[in-house]
Novice: 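The structure under discussion is supplied below as C-alpha cells; questions concerning it will follow.
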Amino acid sequence: MLEIRVNGETRRCAAGLTLVEVLENLGYRPPLVVVEFNGEILPRRQWSAQAVVESDVLEVVTIVGGGS
Amino acid sequence: MERASDSFVTHQSAAGLRLLDANLDRAREGLRVLEDWCRFALDRPDLVARSKDLRQRLGRQHHERFKLARHSASDPAAGLAHPAQLERLDDGAVLAANAARVQEALRVLEEFGRRDEPELAREAAAIRYLVYDLEVDLIQASRLGPGRRELLRRAHLYLVTSPVPDLEAVVAAALAGGVRLVQYRAKQVSGPGAPPPLDDLQRLQQARRLRTLCAQAGALFLVNDRIDIALAVEADGVHLGQGDLPPAVARRLLGPERLIGRSTHRIEELQQAVSDGCDYVGVGPVHATPTKAGREPVGLAYVAEAAAASPIPWFAIGGIDSGNLAAVRAAGATRVAVVRAITEAPDPAAAAAALLAGLETEA
C-alpha cells in the first residue's frame, strides 16, 4: 500500500502498479486524461512502463468534456 | 416620445425606465456568465437549464418600453470597466462577482420596480432567491471550496438516515445541529409497524431533496448501495456494504472525484477496503442495533483494532448515542456514525449538537 499525491490530495494505491493501472484504479479513463508525473508531462506511451512508488505526485487533467 | 402600440402607459420618467432596462440587462448578462461556466467548465446540463430558466424569466419582464427608453450612447457609464473587473482572473472570483452582480441588479429591480412595475418587482425578488441556491450548487459543483476528501476528513459525526416519517425535516434539523456528512439509506425495513416500502421514483425524489439540503449546508451527501441514484442526484459518493457492488466497480462508475465508503466488521475487511481505494470505512456494529437486525455486534475490540490500523478516516457505528459515546471514544474512535440517535430523537438538532460536543472533548 502506497501513499501518493493526486491533484493535491493524498490517495492510496496498491504497490507495484504501473501508472496506467493506478489511473484506472483511481477511476480515471486513461484515453481521456493528460498526466503530469512528478512535475513533467509524461507521454501516454510511457504510462504502462512507468512504475508508481511511494509519494509520487500526479496532476491528472481530464481533457475531454462529456457531451451536453 | 410617443408610442402608440403599448396600451399600458407608465407615467414613469425615462430615467426610471432606463434604470430598469440597465438592471435587467445587467442581471441577464451576469446569469449568462454563470450559465456558460456551467456549460463549458462544469458540463452540468442541469445547472445550465436552471440559469437559462432564470434568464428567460427575466427576459419576459424586459418589456419593449424599457428597451425604447435606452440610448446607451448617452449612458455615462457605458463601457466603463471598473479596475476590479480587470483583476478577476481566477474562476472563483469571476463566479462570485457575477453572482453578486446578478443579485444586486435584481435588488435594484425589486426596489425601483415596486411602485410602477409590481410584477417585475415580484419576479426579481423570487429570482434573487433562486440565484442564491444556484450559486451554492455552482460553488459546490466547481469544487472551489475544500475538496470532498477534505470535507470528509473534517467530519466527525456521520448521520445515516432511516425511513422515519418527515425525514427531510429531521435531516434539516441535524444539519442545523452541525452534521456535515449525511448518508441516505433507504433499505427496506421489514417487520411490524414498518412504513410502506418506497419505489425508486420516491427514493430518487427524496434523495434529490436531501441532496439540495446538504448542498445548501455545505455538507457531504452520500447514498447507500445505490450507485444509480447517487449519480442521478449528483451525490458526493456512495457507501457500500460488504454485500453491495465491489468498490472497484463503483470507482469505475463514479470516477475519481466521488467518495466511496465501505462497511467493515473485522480488521481484514478494513485492510481490504483500504487497498480497494475506499475513502473511509464504517467500523461496527459496535452494539446490537435494529438497523442491522441479526448481525452479531463486534463490540469495542474491533474499534481499538481500527484505531491502531486504519490509515483512512473511519466511523464507529452501531447503536451509538450520547450515553455510550464516551466508551467508544475511550476505545479510540474520533468519528462516529449514528442512525436512531438522531433520526428518532425528539429534537434531532439538539441530539446532533450533543453528539458533536461529545466528540470534541478529548477522550
Side-chain angles (χ1 to χ4, degrees), chain A, chain B residues 35-49 51-52 141 143-154 227 230-231 234 237-238 246-260 262 270-281 309-314:
Chain A
M1 188 48 62
L2 305 176
E3 264 194 16
I4 58 175
R5 294 284 289 175
V6 180
N7 294 353
E9 286 181 330
T10 300
R11 304 293 298 276
R12 259 157 221 85
C13 65
L17 297 181
T18 66
L19 179 56
V20 71
E21 288 164 329
V22 167
L23 289 172
E24 277 161 352
N25 288 356
L26 288 171
Y28 292 105
R29 296 206 188 92
L32 306 184
V33 297
V34 171
V35 176
E36 187 189 90
F37 184 72
N38 292 334
E40 293 165 55
I41 301 286
L42 200 65
R44 193 178 307 281
R45 63 183 181 287
Q46 294 181 13
W47 291 3
S48 45
Q50 177 62 55
V52 175
V53 298
E54 181 72 22
S55 50
D56 273 344
V57 176
L58 274 67
E59 284 296 329
V60 184
V61 177
T62 304
I63 49 176
V64 178
S68 71
Chain B
E35 187 179 316
D36 282 355
W37 171 263
C38 299
R39 174 175 291 117
F40 298 109
L42 300 180
D43 178 27
R44 283 282 302 274
D46 58 325
L47 294 177
V48 172
S51 53
K52 182 180 284 184
R143 273 285 140 254
L144 297 171
R148 287 187 174 104
R149 289 183 174 81
E150 173 56 21
L151 287 174
L152 173 68
R153 208 186 51 73
R154 293 179 191 176
I227 293 169
L231 285 167
E234 303 270 350
V238 293
V249 171
R251 177 59 71 199
R252 207 170 40 255
L253 294 171
L254 292 166
E257 301 306 329
R258 295 179 204 275
L259 301 175
I260 295 180
R262 196 107 210 255
L270 186 147
Q271 286 153 347
Q272 184 59 50
V274 173
S275 63
D276 288 344
C278 293
D279 298 292
Y280 74 87
V281 288
S310 179
I312 56 176
W314 59 280

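Atoms considered below: every heavy atom in the structure, side chains included; atoms not considered: hydrogens, waters and symmetry mates. Letters A, B, ... mirror the listed sequences (proteins, then strands); counts begin at 1.
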Novice: Is the number of heavy atoms from other residues, nucleotides or ligands under 6.0 Å of A:E40 CD greater than 12?
Specialist: no
Novice: Enter the distance from A:N7:CG to B:R149:CZ here, rounded to the nearest 0.5 Å.
Specialist: 10.0 Å
Novice: Any idea which heavy atoms bring A:G27 and B:P256 closest together, and the distance?
Specialist: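 Scanning both residues, the minimum pair turns out to be O-CD, 3.4 Å.
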Novice: Find out whether B:Q271 and A:M1 are in side-chain contact, i.e. whether some heavy atom of one side chain is under 4.5 Å from a heavy atom of the other.
Specialist: no
Novice: So which part of B:D276 gets closer than 4.5 Å to some heavy atom of chain A, the side chain, the backbone, both or neither?
Specialist: neither
Novice: Other residues, nucleotides and ligands only: do more than 12 of their heavy atoms fall within 6.0 Å of CZ on A:R44?
Specialist: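 Correct, the count exceeds 12.
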Novice: For the atom pair CD1 (B:I312) and CZ (A:R11), what is the distance rounded to the nearest 0.5 Å?
Specialist: 11.0 Å
Novice: Does any heavy atom of chain A fall under 4.5 Å from the side chain of B:V274, the backbone, both, or neither of them?
Specialist: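 Contact with chain A: backbone and side chain both.
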Novice: Can you give me the closest heavy-atom contact between A:L26 and B:R251, atom names plus distance?
Specialist: O-CD, 3.2 Å
Novice: Please flag which part of B:P311 lies under 4.5 Å from any non-hydrogen atom of chain A: side chain, backbone, both or neither.
Specialist: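 When you check distances to chain A, atoms from both the backbone and side chain of B:P311 fall under 4.5 Å.
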